[in-house]
Novice: 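Structure incoming, see below.
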Amino acid sequence: MSVQPPPAAEASGLTTLRIRCWHDPLIDQLGYVPRSRYVERYWLGIFGPSTTWLLRTFADALEVGRCETTIDLEDLAARLSIGHKGGKEQRSCPVNPTGVPVRYGAHRLPPLNRAQIERLPAG
C-alpha cells in the first residue's frame with residue numbers, strides 16, 4: 001500500500017489520504033487480512049488497537065474502492081476515536097507529493113517472524 005496526499009495538501013493542510021494496495025506476491029499468498037482471527041490474536045499486541053483498527057478501516061475502504069481510494073482524515077480520526085486537531089504540527093511524517101510508502105499493506109499482513117513469536121505470552 002502507498003499513501004498519497006492530494007496535490008493541494010502542502011498548501012492547505014493535510015485533510016485526506018489517497019491509499020492504494022501495495023502488492024507483494026509472497027505476502028499476498030501467505031499473509032492475513034486485517035479482519036482475520038490471526039491478526040486479532042497476534043498482530044494486535046504488536047500494533048496496538050488503534051493501528052489494528054486503522055488497518056481494518058483501510059482494508060474495508062480498499063475493498064470497496066477496488067484497491068485505491070481516498071480517506072478523509074477527520075472522519076478517520078472520529079472512527080478510531082483518536083481525535084483530530086489538524087495542522088502541520090499533528091503530522092508524524094512529512095507530506096510528500098509522490099506518497100508515503102507503507103511496508104505492511106492494508107489488504108494483507110505477513111505471518112509473525114521468529115522474534116515476534118518468541119515474545120508472545122504463553123497460552
Side-chain angles (χ1 to χ4, degrees):
M1 171 183 63
S2 66
V3 180
Q4 291 186 321
E10 298 251 10
S12 64
L14 189 61
T15 60
T16 62
L17 285 177
R18 194 166 91 211
I19 59 171
R20 293 190 314 239
C21 294
W22 179 0
H23 292 285
D24 177 321
L26 184 62
I27 302 305
D28 287 351
Q29 181 181 1
L30 300 176
Y32 299 88
V33 295
R35 295 177 296 261
S36 71
R37 191 88 168 113
Y38 182 91
V39 170
E40 188 173 304
R41 182 170 176 131
Y42 300 113
W43 278 109
L44 177 64
I46 293 170
F47 284 148
S50 294
T51 300
T52 303
W53 276 112
L54 174 70
L55 290 174
R56 288 178 175 191
T57 302
F58 280 4
D60 290 343
L62 289 170
E63 192 173 279
V64 170
R66 301 191 185 253
C67 254
E68 184 170 336
T69 191
T70 299
I71 294 181
D72 180 272
L73 291 178
E74 209 167 309
D75 179 56
L76 179 62
R79 287 176 188 233
L80 299 176
S81 298
I82 58 174
H84 176 67
K85 294 180 182 176
K88 292 182 181 180
E89 68 280 359
Q90 297 296 316
R91 294 188 194 138
S92 59
C93 62
V95 174
N96 181 331
T98 62
V100 179
V102 178
R103 170 61 183 101
Y104 294 116
H107 62 293
R108 293 275 179 197
L109 291 159
L112 296 179
N113 64 38
R114 183 176 300 260
Q116 291 165 327
I117 291 170
E118 289 172 359
R119 290 192 306 258
L120 290 174

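What you are looking at is a predicted structure, and each value in this text was computed from that prediction instead of being measured.
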Novice: Just do the side-chain contact (heavy atoms from CB on, under 4.5 Å) check on Ile71 and Thr16 with the steps written out, would you?
Specialist: CA-CA 5 Å; Ile71 294 181; Thr16 62; over 6 Å; no

Novice: Enter the distance from Phe47:CZ to Leu55:CG here, rounded to the nearest 0.5 Å.
Specialist: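 With rounding to 0.5 Å, CZ (Phe47) is 5.5 Å from CG (Leu55).
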
Novice: Between the main-chain N or O of Gly48 and the side-chain N or O of Thr51, is there a donor-acceptor pair closer than 3.5 Å?
Specialist: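 No: the side chain of Thr51 does not pair with the backbone of Gly48.
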
Novice: Given Arg35 and Asp60, is the side-chain contact (heavy atoms from CB on, under 4.5 Å) satisfied, shown in steps?
Specialist: CA-CA 9 Å; Arg35 295 177 296 261; Asp60 290 343; 2.5 Å; yes

Novice: For the residue pair Pro34 and Val39, what are the closest heavy atoms and their distance?
Specialist: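 Distance-wise, the nearest heavy atoms are O-CG1, 3.6 Å.
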
Novice: Which heavy atom of Cys21 sits nearest to which heavy atom of Leu62, and what is that distance?
Specialist: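 In this case the closest contact between Cys21 and Leu62 is SG-CD1, 4.0 Å.
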
Novice: Assess whether side-chain contact (heavy atoms from CB on, under 4.5 Å) is satisfied between Glu40 and Arg56, documenting all intermediate values.
Specialist: CA-CA 10 Å; Glu40 188 173 304; Arg56 288 178 175 191; 3.1 Å; yes

Novice: So how far is it from Asp75 CG to Thr57 OG1, rounded to the nearest 0.5 Å?
Specialist: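 It comes to 9.0 Å.
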
Novice: Quick check: closest heavy atoms across Leu80 and Ser50, and the distance to 0.1 Å?
Specialist: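 In this case the closest contact between Leu80 and Ser50 is CD2-O, 4.2 Å.
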
Novice: So which atom in Thr52 and which in Leu44 form the shortest heavy-atom distance, rounded to 0.1 Å?
Specialist: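 So the minimum-distance heavy-atom pair works out to OG1-CD1, 3.4 Å.
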
Novice: For a quick test of reading the model, state the closest non-hydrogen atom pair linking Leu112 to Tyr38 and the distance between them.
Specialist: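 Closest approach of Leu112 to Tyr38, heavy atoms only: N-OH, 2.8 Å.
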
Novice: Given Tyr42 and Gln116, is the side-chain contact (heavy atoms from CB on, under 4.5 Å) satisfied, shown in steps?
Specialist: CA-CA 9 Å; Tyr42 300 113; Gln116 291 165 327; over 6 Å; no

Novice: Please determine if Arg79 and Glu74 form a salt bridge, counting it only when a charged side-chain N lies under 4.0 Å from a carboxylate O.
Specialist: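 No salt bridge links Arg79 with Glu74.
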
